[in-house]
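Numbers restart at 1 for each chain; the letters A, B, ... are given by sequence-line order, proteins then strands. Source: prediction; values computed, not measured.
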Amino acid sequence: MHATAHQLAQLQTLKKRADFIKVQKTGRRWVSNGLILQAAANASGYKGIGFTVSKRVDKSAVRRNRIKRRLRAVAADILPQTAVSGTDYVLIGRPETLSRPYADLLRDLRWCLKKMDLLDNV
RNA sequence: GCAGAAAGCCGGGCAGCCGCCCUCCGAAGCCUUGUGCGAAGGAGGGAGGAAAGUCCGGGCUUCACGGAAACACGGUGCCGGGGAAAUCCCGGGCGGGGCGACCCGACGGAAAGUGCAGCAGAAAGUAAACCGCUUCGGAUUUGUCUGGAGCAAGGGUGAAAGGGUGCGGUAAGAGCGCACCGCGCUUCUGGCAACAGGGGCGGCAUUGUAAACCCCACCGGAAGCAAGACCGAAUAGGGACUGCGCACGGGGCGUUUCCGCCUCGCGGUCCGGGUUGGUCGCUUGAGGCGUCUGGCAACAGGCGUCCCAGAUGAAUGGCUGUCCUCGACAGAACCCGGCUUACAGGCUCUCUGCCAUG
RNA sequence: GGCGCGGUGGCAGAGUGGCUAUGCAGAGGACUGCAAAUCCUUGUACGCCGGUUCGAUUCCGGCCCGUGCCU
């Protein structure tokens with residue numbers, strides 16, 4: 001079920017603050033228990049992926065890092081196979097992301113994708 | 001055995017699959033043919049004792065800076081040593097706490113000057129006298145009231161009442177006298193010193209506060225890797241040279257004084273300029289480990305050995321098995337030395353008190 | 001990552017080494033036919049922990065929280 005290295009190579013990490021603001025302003029979003037997904041079309045044709053865990057989610061740097069890592073693991077398991085080219089995805093962490101079982105996190109991301117009509121088959 | 005004190009150390013382990021960051025090698029491939037780049041693949045490394053708070057001290061970088069003196073501002077404050085330095089460390093002294101091992105201390109100066117000490121109290125710093133004590137006189141309903149003189153022992157107020165305790169002394173008292181303690185001056189001895197101990201003299205003056213102003217001694221330019229350097233579109237602004245104009249003038253170099261230096265308005269020519277982004281700075285360092293020597297120690301030196309994160313939306317995760325004591329506080333962002341704060345549990349060594357036994 | 005600023009009743013906002021003003025809001029009363037406005041009365045606070053001092057909101061350390069600036 002894991003993504004191959006070839007599939008992972010198709011994902012491009014969003015690096016600039018401007019990219020994140022663009023996705024937030026122009027894209028759509030869906031909230032689930034474990035995470036929030038934002039998505040917007042881009043002009044490059046690549047599949048873009050970014051992660052946001054702000055200081056308002058948790059004040060501890062250790063726990064913020066762990067939330068980001070779990071989001072990265074979830075994204076690496078699902079997005080390479082299902083993501084649409086020419087779309088930027090931004091995953092936003094929540095306090096529950098830290099303690100939620102991993103299987104539930106996978107279900108959360110699929111649910112968000114489905115609700116936003118970005119998933120053909122569940 | 002129980003209770004405690006001090007120093008140092010560790011901070012889940014092992015295994016499998018899929019992934020992340022860096023360095024080196026690199027068949028295929030690419031071009032600008034080079035000691036080049038490099039998908040696949042291989043080898044190695046990959047958070048902390050506090051990485052934290054940013055409270056101190058440095059390195060490094062840029063800016064500022066002509067010199068001298070004074071002033072201003074900030075910091076430090078027993079002594080000796082260590083250290084690049086420090087509000088750091090070690091040892092000692094003094095003071096305080098503990099039966100003790102041991103721990104704690106912003107620990108210069110209050111006779112250089114100024115300020116402050118509310119309320120209470122008679123009086124708050126040249127002492128003073130509310131209740132009192134003693135004595136002399138007067139009145140008297142014999143309870144006491146009142147005037148003069150002397151006194152500060154006792155009571156009361158306060159955080160603090162102008163040396164303390166005891167004896168003598170006295171009308172009652174008082175350093176009034178004496179002894180001891182404290183204090184001050186002086187001298188001797190020990191110690192590098194802080195300081196300690198002894199002798200002599202004085203005869204009680206010298207309340208507290210300097211984390212109040214201050215005095216003394218010593219130290220200090222400012223900002224910070226988002227510093228800064230390089231490569232680089234557009235636009236606005238900048239610098240140099242030169243011509244003309246202008247000056248017993250104005251401005252600047254922390255302030256002032258003295259000497260000194262720089263600079264000014266308009267035109268022309270040339271040079272450059274650096275936002276987004278990228279590269280460097282970026283990890284070999286007052287470095288770690290082992291050992292020997294000197295030193296009570298902090299630490300220093302010699303020898304051997306190792307290279308041990310370097311990201312830039314920012315790297316350690318996901319899933320699973322297994323063991324145990326079931327895992328705390330917590331994530332590098334230029335780098336070091338300290339301090340402070342947070343922290344489950346465990347280990348090592350030394351020491352103290354009590355109990356029991358030999 | 002670095003550098004600053006601040007924390008005083010429910011809210012705003014002065015202040016200073018010895019009872020912390022003032023305004024708005026709240027409660028009660030007066031005035032009114034009933035209200036508003038006005039007047040009177042009243043409760044509630046110095047972020048937390050230590051130290052200096054006889055005494056700290058103030059002075060000095062250390063924590064906690066909030067907030068701003070620098071790419």
Side-chain angles (χ1 to χ4, degrees):
Chain A
M1 275 306 289
H2 292 299
T4 64
H6 180 68
Q7 284 171 320
L8 281 173
Q10 295 177 343
L11 293 174
Q12 269 208 340
T13 312
L14 297 180
K15 290 182 189 295
K16 295 299 154 203
R17 181 167 169 76
D19 295 336
F20 284 83
I21 292 174
K22 202 181 86 181
V23 172
Q24 188 180 15
K25 291 211 166 187
T26 65
R28 292 174 296 155
R29 63 181 214 148
W30 200 268
V31 181
S32 66
N33 286 335
L35 54 88
I36 300 171
L37 178 68
Q38 291 180 331
N42 65 16
S44 68
Y46 287 97
K47 303 170 181 177
I49 175 106
F51 306 92
T52 294
V53 182
S54 79
K55 223 170 186 175
R56 295 179 65 180
V57 175
D58 197 313
K59 293 212 177 283
S60 160
V62 171
R63 289 197 286 271
R64 280 202 307 275
N65 279 345
R66 168 151 299 186
I67 289 171
K68 256 189 280 186
R69 286 176 191 135
R70 304 195 84 201
L71 288 179
R72 254 192 282 270
V74 168
D77 271 352
I78 294 178
L79 287 180
Q81 297 148 345
T82 61
V84 181
S85 291
T87 306
D88 286 333
Y89 297 84
V90 172
L91 277 72
I92 300 171
R94 313 188 70 189
E96 293 78 15
T97 315
L98 190 64
S99 53
R100 199 164 169 80
Y102 187 70
D104 289 351
L105 278 182
L106 291 174
R107 214 174 300 130
D108 286 339
L109 180 56
R110 287 208 182 85
W111 190 65
C112 287
L113 289 169
K114 184 185 174 187
K115 284 292 182 183
M116 294 166 77
D117 293 326
L118 291 167
L119 194 62
D120 297 332
N121 49 348
V122 181

Do the non-hydrogen side-chain atoms of A/V53 and A/I92 ever get within less than 4.5 Å of each other? no
Using the side chain to side chain donor-acceptor pair (under 3.5 Å) criterion, which residues pair with A/R70? Sequence neighbours excluded. none
Quickly work out the A/D77 CG to B/C319 P distance and round it to whole Å. 10 Å
Whole-Å distance, A/D88 CG to B/G313 C1', equals 13 Å
Considering every strand and a 4.0 Å limit on heavy-atom distances, what is the contact class for A/Y102: base, sugar-phosphate, or nothing? sugar-phosphate
Considering only atom C1', compute the distance from B/G232 to B/A333 and round it to an integer number of Å. 27 Å
Mind checking who B/G147 pairs with, Watson-Crick or G-U wobble, both distances under 3.5 Å? B/C136
In chain order, what residues pass the side chain to side chain donor-acceptor pair (under 3.5 Å) check against A/R107, with sequence neighbours excluded? A/D104
By side chain to side chain contact (heavy atoms under 4.5 Å, CB included), which residues pair with A/S54, not counting sequence neighbours? A/R56, A/V57
B/A311 to C/G1 separation - C1' atoms, rounded to the nearest Å: 14 Å
For atom CZ of A/R64 and atom C1' of B/A52, their distance in whole Å: 13 Å
Rounding to an integer number of angstrom, what distance separates B/G49 and B/G331 when you compare their P atoms? 15 Å
Between atom CG in A/L71 and atom C1' in B/A314, what is the gap in whole Å? 15 Å
Once you apply the 3.5 Å cut-off to both distances, tell me the Watson-Crick or G-U wobble partner of B/G121, or none. none
Partner lookup for B/G115, please. Criteria are Watson-Crick or G-U wobble with both distances under 3.5 angstrom; report none if nothing qualifies. B/U209
Salt bridge (charged side-chain N to carboxylate O under 4.0 Å, His left out) involving A/R66 - partner list, sequence neighbours excluded: none
Send over the distance from A/L98 CG to B/G317 P, rounded to a whole Å. 12 Å
For RNA chain C, what is the dot-bracket line, given that a base pair needs Watson-Crick (N1 to N3, plus N6-O4 or O6-N4) or G-U wobble (N1-O2 and O6-N3) geometry with both distances under 3.5 Å, and | means paired with another strand? (((((((..(((.....[...))).(((((.......)))))....(((((..]....)))))))))))).
P atoms of C/U53 and B/A212, separation to the nearest Å: 9 Å
Now, which nucleotide makes the Watson-Crick or G-U wobble pair with B/C244, with each of the two distances under 3.5 Å? B/G265
Write down the partner of B/G49 under the Watson-Crick or G-U wobble criteria, each distance required to be under 3.5 Å. none
Just wondering, more than 12 heavy atoms not from A/R29 lying within 6.0 Å of its CZ? no
My understanding is that only residues two or more places apart in sequence, or in another chain, count here; which of them pass salt bridge (charged side-chain N to carboxylate O under 4.0 Å, His left out) with A/R94? none
Using heavy-atom distances to pick each residue's nearest nucleotide on RNA chain B, tell me which of A/V53 and A/R70 is more 5'. A/V53
B/C63 -> Watson-Crick or G-U wobble partner, both distances under 3.5 Å, gives B/G221
Is any side-chain heavy atom of A/D88 closer than 4.5 Å to one of A/F20? no
Pairwise C1' distance, B/U325 and B/A106 [rounded to whole Å]: 46 Å
Could you measure between the two C1' atoms, the one in B/G288 and the one in B/G337, and give it in whole Å? 16 Å
For B/G190, the Watson-Crick or wobble counterpart (both distances under 3.5 Å): B/C195
Can you name the atoms? Protein N/O to nucleotides 330-332 of chain B N/O, anything below 3.5 Å, with the distance.
residue: B/G331; atom: OP2; partner: A/A61; partner atom: N; Å: 3.3
residue: B/G331; atom: OP2; partner: A/V62; partner atom: N; Å: 3.4
residue: B/G331; atom: N7; partner: A/N65; partner atom: ND2; Å: 3.3
residue: B/G331; atom: N7; partner: A/R69; partner atom: NH2; Å: 3.4
residue: B/G331; atom: O6; partner: A/R69; partner atom: NH1; Å: 3.1
residue: B/G331; atom: O6; partner: A/R69; partner atom: NH2; Å: 3.3

On RNA chain B, compare the nucleotides closest to A/P101 and A/K68; which residue's is nearer the 5' end? A/K68
For atom CG of A/L91 and atom C1' of B/G317, their distance in whole Å: 15 Å
Hits for salt bridge (charged side-chain N to carboxylate O under 4.0 Å, His left out) against A/R64, two or more places apart or cross-chain, chain-then-number order -> none
P gap between B/A298 and B/G191, integer Å: 28 Å
What pairs of donor and acceptor atoms, side-chain ones from residues 30-41 of chain A against any protein atom, are under 3.5 angstrom apart with sequence neighbours left out?
residue: A/S32; atom: OG; partner: A/L35; partner atom: N; Å: 3.3
residue: A/S32; atom: OG; partner: A/L35; partner atom: O; Å: 2.7

On a whole-Å scale, what distance lies between the P atoms belonging to B/U61 and B/G66? 22 Å
If B/G313 has a Watson-Crick or G-U wobble mate with both distances under 3.5 Å, name it; if not, just say none. none
